[in-house]
Amino acid sequence: MRPPRRFIRNTVVLAGILSALLCAGRGAPPADKGTPWDLRAEQIRQDTEYLCDTIGVRITGTAGEIAACDWIMETLEDAGFSADTEDPTLRRVPFEGLMGKTSENVIAVCNPGSGGPLFSITAHYDSVETTPGARDNAAAAAVLLEIARCLGPENDGFPCEIRMVFPGSEENGYHGSAAYVASLSEAEKARHLGAFNMDISAASPEDQAVLVCYTLGKTEDGVYQEGDFLEPAEGRLSAAVTAAYETLYGKNIGGVFHMGESDHISFHNAGLEAVNVCWRRLENGEPRLPDSYHCPEDTPAELDYETARASGRCILEAIHTLAAAGEAGQR
């Protein structure tokens, strides 16, 4: 059984208000500023529950990962994306990962063929065998599904092309994102302004987590430069996320850190600027993984879905700002 796709507006609004009240004072984002594009915390919760509770563990190459891929495709088709058009806005791309295991990427495209810049948003959907993987990474995949619903295959509000990429086989070596990056042509790389990755992009109140950015490099004057632990790369992407969080929530993020641990590594290896937008507890100023990382306790019931919503909203705000600036620069 698949979860419902549409909700009555009043029900969604009421759920959002109740969620905000319940989360107040427990590490949730502060009251937010509205935007023309918005995401629904309740829908993100339902999709996270479906991935974790109905489908369950999603190990690369197993029936669980295939079922998740099938459901993501169906959900995106319900959102208006299609693989059957002359210029498809939905693709399912198989690739070979670790030890010859086959996995698949799902790619939904908003504004295909746009003459503007290209952005990628990524959130892997596989898990390790020891957990249903709510934080890592069902909630982020659910956020990306909600972003896809919000944008649709065409969106005049964003003067750019946006590719929403659901990589498989992240947990055993970032193989899905590597396959996606390898598929980009030189022309696509030239107009690729950035990749926004989501991994552990939701938190529970007990985590005492803050929104942070992980980077490995930045583009400056047309040249990609690698950062380091002493001087993390604070490029246009992390700056745009920082500004977005301040605009939407009136707060600063917890910091920018030189860290890998996810699919933004694949973009870095190709000299493409990328950022992982995630929630981490800070200890002595350094980010730490949640206690339930890769454990059976990483379940949907633990999460505050306003943190997941905040991750997605900041990414959309950042892309809109960067795309508008790029379009103005082309005039």
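Residue indices begin at 1 and follow the sequence shown.
Using a 4.0 Å cut-off between charged side-chain N and carboxylate O, Glu261 and Arg280 make a salt bridge. With salt bridges taken as basic N to acidic carboxylate O contacts below 4.0 Å, one links Arg135 and Asp298. Using a 4.0 Å cut-off between a side-chain N of Lys or Arg and a carboxylate O of Asp or Glu, Arg309 and Asp304 do not qualify as a salt bridge. Look at Lys218 and Glu226 and you find no salt bridge, because none of the NZ, NE, NH1 or NH2 atoms lies under 4.0 Å from a carboxylate O.
Annotation for Ser120 and His192: closest pair OG-NE2, 2.9 Å, computed over non-hydrogen atoms. When all heavy atoms of Ile44 and Ala142 are compared, the closest pair comes out as O-CB, 3.5 Å. The minimum heavy-atom distance linking Glu49 with Pro300 is given by the pair CG-CB, 3.7 Å. The shortest heavy-atom contact between Ala123 and Asn197 is N-OD1, 4.3 Å. Across all non-hydrogen atoms, the minimal contact from Ile253 to Leu211 is CB-O, 3.3 Å. Across all their heavy atoms, Pro112 and Pro153 have their closest contact at CD-O, 3.5 Å.
Between the side chains of Glu65 and Ser103, a donor-acceptor pair is found at a separation under 3.5 Å. One side chain, His294 or Asp136, offers a donor N or O that lies under 3.5 Å from an acceptor on the other. Side chains of Ser201 and Trp279: a donor-acceptor N/O pair is absent below 3.5 angstrom, by distance only. Residues Ser204 and Asp207 have side chains that bring a donor and an acceptor to within less than 3.5 angstrom of each other.
Residues Ser169 and Phe95 form a side-chain contact, since some pair of their non-hydrogen atoms from C-beta on lies under 4.5 Å apart. At a threshold of 4.5 Å between non-hydrogen side-chain atoms, the residues Ile121 and Ile147 count as touching. For the pair His264 and Tyr214, the minimum side-chain heavy-atom distance is below 4.5 Å.
In this structure a side-chain-to-backbone donor-acceptor pair under 3.5 Å is present from Thr215 to Ala233. Distance alone, capped at 3.5 Å, is enough to place a donor-acceptor pair between the Ser238 side chain and the Gly235 backbone.
No more than 12 heavy atoms of other residues, nucleotides or ligands sit less than 6.0 Å from atom CD of Glu154.
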Item to check | Criterion salt bridge (charged side-chain N to carboxylate O under 4.0 Å, His left out) on Glu317 and Arg313, from CA distance to verdict | outcome: CA-CA 6 Å; Glu317 178 76 11; Arg313 294 182 76 226; over 6 Å; no

Checklist entry - Please walk me through it: do Arg40 and Glu146 pass salt bridge (charged side-chain N to carboxylate O under 4.0 Å, His left out)? => result CA-CA 7 Å; Arg40 299 167 295 175; Glu146 183 66 356; 2.7 Å; yes

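Residue pairs meeting the ring pair (Phe, Tyr, Trp, His ring centres under 6.0 Å) criterion with at least one member in residues 215-240, sequence neighbours excluded: Tyr224-His268, Phe229-His258.
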